[in-house]
Amino acid sequence: MADVDPQNLGERAERMLLALGAISAEPRRLNRQFLTPEHRRAADLVGTWMKAAGLDVSEDALGTVRGHWASAGLMAGRNTGKRLLIGSHIDTVIDAGLYDGNLGVVAGILAAEHFAKAGRRLPFALDVLAFGDEEGVRFPATLNSSRAVAGVFRPAALELKDANGVTLREAVTRFGKDPADIAGAAFSPEEVAGYIELHIEQGPVLENRNQPLGVVTAIAGQSYLSVELMGEAGHAGTVPMMMRRDALAGAAEIILQAELMARDTSGAVVATVGVVTISAPATNVIAGHVVLIVDIRSGSDPARLDFVERLKLEIRSVADRRHLGLQVTQTRNVATTPCDAAIQDGIAAAIRATGSEPLRLASGAGHDGTAMAQLGPIGMMFVRCRGGVSHNPAEYASPADMGLAVAALIRFIEGFKA
Ligand code: HGY
Ligand code: MN
Ligand code: MN
């Protein structure tokens, strides 16, 4: 590809990701949460790169950094001409890898730069978007920043609190923004031609099939069940086993039951409990109050909803058998998001143009694309990651694969019909 140098693009992407990876709330692991000082520093760095790439940089009321570019002569303002949005997230999980989310932002900047610097003409504008809260680690909700861009932000989310009791509203204000401006962050559907996100696969399929790039067909639906168990705190040494109402033992039984039921679906549904909160944890105390959250995913909405109902019955049965008080709250119910067929085909053609065979696969992971689908047609391109490992500091994508991905993104943009 004469006009594109994948090796150079991959090496640049790697350097940019290492620079972003050095911005963390903790010295020895990557932890960058929404509207924190680390988010501020990462957003500033991304804004610097966007500016250097020849993009017009702005930032909305939820901290999404936006790099806008339009060919000379194409009115870049609202309501004139369409925009192709290219985005992903710069927030991370705790003890994260360098590539989840951040690669999509870096790739978007490098791809947009190709057009901005070459003075290329496109019949639509490009907007590179760096979202700040895809992971939903700080506040008990996720995709708020992409939801705001898509015009579907829920104002009630402003009252959500983080672990320190800080509301999202306060966090926005401390970040130097005005919550009243959030509504103004939205693009209108009329001006958006589509959204594309480049992301590491976070699974083993591309590596197993020896393919560097893939086309995402759909983003799996998600259900979250918050399960509160009320037992009776007691002395670990004096309460006879048969007289206990141990909320943590009940939680353990529910966790194993969820795992067993998910295994029995032969891959149709996955279920995970990654957070268990014990109100008064102590080695010598029988836990009296525990809250756990079950994360349930599936590419099939009927299968997911059926699993949720069956699991609720199992949870009730465990609580009754153990004489535990029980409160089950569904805190998330997100339908599977299909990727637009024409955009999928455009991504496949772009991958072929880089000399690879486009594999099509669903995403078990959630992405900002689920929010952006409220605004217009979406698509995602996956990049192979070593061992399929993600949400883990061992996460890795090679500069060679990242360079191919940016080259494919450039080819996609060239072929995109707004
Ligand atoms: O949970 C997810 O799938 C995403 O990484 N936030
Ligand atoms: Mn991600
Ligand atoms: Mn993630």
Side-chain angles (χ1 to χ4, degrees), residues 13 17 20-21 24 29-34 39 42 46 64 86-108 129-147 149 157 195-206 214 216 218-226 262 269-275 293-299 304 331-337 339 361-373 378-385 387-397 402 405:
L17 289 165
L20 271 174
S24 173
R29 58 184 190 173
L30 179 51
N31 173 5
R32 188 162 66 234
Q33 298 185 27
F34 185 36
H39 178 190
V46 163
T64 297
I86 308 167
S88 198
H89 60 95
I90 58 174
D91 63 316
T92 74
V93 294
I94 298 171
D95 202 10
L98 295 181
Y99 304 83
D100 176 2
N102 296 287
L103 172 56
V105 173
V106 162
L129 305 169
F131 301 120
D133 78 328
E134 192 277 339
E135 298 293 1
V137 171
R138 180 176 180 188
F139 295 97
T142 182
L143 308 188
N144 279 306
S145 40
S146 43
R147 291 180 63 83
V149 171
Y195 170 80
I196 182 165
E197 180 167 354
L198 189 149
H199 201 288
I200 52 169
E201 179 198 339
Q202 300 177 296
V205 173
L206 289 176
V216 177
I219 301 170
Q222 299 183 14
S223 295
Y224 274 19
L225 288 183
S226 174
V269 178
V270 290
T272 314
V273 176
V275 173
I293 298 176
V294 192
D295 174 320
I296 300 155
R297 316 266 181 112
S298 173
R304 174 171 53 88
T331 57
R332 189 178 293 180
N333 181 16
V334 178
T336 298
T337 306
C339 292
L361 66 166
S363 172
H367 299 284
D368 285 300
T370 293
M372 300 303 284
I378 71 157
M380 287 191 75
M381 186 192 311
F382 269 171
V383 185
R384 171 169 52 189
C385 58
V389 168
S390 183
H391 284 189
N392 180 319
E395 191 180 271
Y396 178 77
M402 293 194 288

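Bear in mind the structure is a predicted one, so any value in this text is a computation, not a measurement. Both counts, for ligands and for their atoms, begin at 1 and track the order of listing.
- Although no hydrogens or angles enter the test, the distance criterion places no donor-acceptor pair under 3.5 Å between the side chain of Arg332 and the main chain of Gln222.
- Looking at Met372, Met381, His367 one by one, the single match for side-chain contact (heavy atoms from CB on, under 4.5 Å) with Glu197 turns out to be His367.
- The aromatic rings of Phe131 and Tyr195 sit tilted relative to each other, their planes meeting at an angle between 30° and 60°.
- A donor-acceptor pair under 3.5 Å links the side-chain atoms of Glu201 to the main chain of Leu206, judged by distance alone.
- The main-chain N or O of Asn333 is never found under 3.5 Å from a side-chain atom of Ser223 such that the two would form a donor-acceptor pair.
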### Message
Checking Val334 against Leu143 for the side-chain contact (heavy atoms from CB on, under 4.5 Å) test, could you report, in this order, the C-alpha distance in whole Å, the side-chain angles of both residues, the deciding distance, and whether it holds?
### Response
CA-CA 11 Å; Val334 178; Leu143 308 188; over 6 Å; no
Just list the N/O pairs, ligand 1 to protein, that are under 3.5 Å apart, with the distance for each.
from	atom 1	to	atom 2	distance (Å)
ligand 1	1 (O)	Arg297	NH2	2.7
ligand 1	3 (O)	Arg297	NH1	2.8
ligand 1	3 (O)	Arg297	NH2	3.2
ligand 1	3 (O)	Gly366	N	2.7
ligand 1	5 (O)	Glu135	OE1	3.2
ligand 1	5 (O)	His391	NE2	3.1
ligand 1	6 (N)	Glu134	OE1	3.1
ligand 1	6 (N)	Glu134	OE2	2.9
ligand 1	6 (N)	Glu135	OE1	3.0

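- Listed by chain and number, His89 NE2, Asp100 OD1, His199 NE2 are the protein N/O/S atoms closer than 2.8 Å to the Mn ion (ligand 2), with waters left out.
- Taking the six-membered ring where tryptophan is involved, the planes of His89 and His199 are tilted, since the angle between them lies from 30° to 60°.
- Applying the side-chain contact (heavy atoms from CB on, under 4.5 Å) test between Gln33 and each of Asp91, Val93, Ile94 identifies Ile94 as the sole match.
- Between Asp133 and Ser145, the side chains place a donor N or O and an acceptor N or O closer than 3.5 Å (distance only, hydrogens not considered).
- For the pair Val149/Asp368, no side-chain contact is recorded, criterion being any heavy-atom separation below 4.5 Å from C-beta on.
- Closest approach between the Mn ion (ligand 3) and any N/O/S atom of His391 involves NE2.
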